[in-house]
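Heads up: the structure comes next, in structure tokens.
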Amino acid sequence: EDPSKQNLAQVTGSIQKTLGLLHQLNLNVSSFSSASQLPLLQRLNALVAELDTMQKLADGCNIQVPMEVVNLIDDGKNPDEFTRDVLNSCIAKNQITKGKTDAFKSLRKHLLEELEEAFPDDAEAYRQIRATSAAGSKRLAQSQSALPNGDAKVKPEH
């Protein structure tokens, strides 16, 4: 298994253990009596030791969290909101871009139809030039997408 994933799992385990210790401390403090002083001190020492362990384990993790997520957590909100907002923003931008692309395709088609009516010979010459250019671009793209073993890279269909 990947060492960084293993380290992350250890940090996650340490966080869980720390949460358990905090819960136990809460119970000890809420029902404190002089007889429960020693268990309280033992749990405090265990918490300090676990926080130290967590810090040492965390030094080996290289995880970058966007400040927006940290701010959401500080505000008591769910960090999934950030993910949802980013995805919704990407979807909106994608739809805008698709709309622009479709508009340009429609304009191109309309211009070609108008060109065909006004200048049929020139329109045919243009189509031949485009076909030749497209074939050359396709060959270039295929040659650039060849893997060292001669196979072609294949883009998965969505």
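- The backbone N or O of Asn26 sits less than 3.5 Å from a side-chain atom of Ser30, completing a donor-acceptor pair.
- No hydrogens or angles considered: a donor-acceptor pair under 3.5 Å links the side chains of Gln55 and Asp59.
- Under the 3.5 Å distance criterion, the side-chain polar atoms of Ser89 are left unmatched by any main-chain donor or acceptor of Asp85.
- Using a 4.5 Å cut-off on side-chain heavy atoms (C-beta onward), Leu47 and Leu25 make contact.
- Applying the side chain to side chain contact (heavy atoms under 4.5 Å, CB included) test to Thr101 and every residue at least two apart in sequence or in another chain returns Thr97, Lys105.
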Between Arg84 and Asn88, is a side chain to side chain contact (heavy atoms under 4.5 Å, CB included) present by the stated rule, with each step listed?
CA-CA 6 Å; Arg84 186 190 66 231; Asn88 286 339; 3.7 Å; yes
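- More than 12 heavy atoms of other residues, nucleotides or ligands lie within 6.0 Å of CZ in Phe32, so this atom counts as buried by the packing criterion.
- Between the NE2 atom of His110 and the CG atom of Leu115 there is a distance of 11.5 Å, given to the nearest 0.5 Å.
- Both Leu72 and Val70 belong to a single network of hydrophobic side chains, linked directly or stepwise wherever heavy atoms of I, L, V, M, F, W or Y lie under 4.5 Å apart.
- Atom CZ of Arg43 and atom CG of Leu38 lie 10.5 Å apart (nearest 0.5 Å).
- The backbone N or O of Ser133 lies less than 3.5 Å from a partner atom in the side chain of Ser137, making a donor-acceptor pair.
- The cluster map of Ile, Leu, Val, Met, Phe, Trp and Tyr, joined by side-chain heavy atoms under 4.5 Å apart, puts Leu57 and Leu22 in the same cluster.
- Atom CG of Leu40 is separated from atom CG of Leu27 by 11.5 Å, given to the nearest 0.5 angstrom.
- A search for salt bridge (Lys or Arg N to Asp or Glu O under 4.0 Å) contacts involving Arg127 returns Glu116, not counting sequence neighbours.
- Remark: the backbone N or O of Ser14 is paired with a side-chain donor or acceptor of Thr18 at under 3.5 angstrom.
- In the hydrophobic clustering of ILVMFWY residues, with side-chain heavy atoms under 4.5 Å counting as a link, Val48 and Met54 come out apart.
- To the nearest 0.5 angstrom, Leu87 atom CG is 11.5 Å from Asn94 atom CG.
- Taking each heavy atom of Ser31 and Ser36 in turn, the nearest pair found is O-OG, 4.1 Å.
- Note that the OH atom of Tyr126 and the CD1 atom of Ile129 stand 9.0 Å from one another [nearest 0.5 Å].
- Considering every non-hydrogen atom in both Ala46 and Leu21, the closest pair reads O-CD1, 3.7 Å.
- The hydrophobic clustering, which links ILVMFWY residues whose side-chain heavy atoms are closer than 4.5 Å, places Ile15 and Val69 apart.
- Two different hydrophobic clusters hold Phe82 and Ile91 under the rule that ILVMFWY side chains link at heavy-atom gaps under 4.5 Å.
- Of the possible polar contacts, none joining the Asp75 side chain to the Lys77 backbone as a donor-acceptor pair under 3.5 Å is found.
- Of the inter-residue distances, the one linking Leu19 atom CG with Glu50 atom CD reads 10.5 Å to the nearest 0.5 angstrom.
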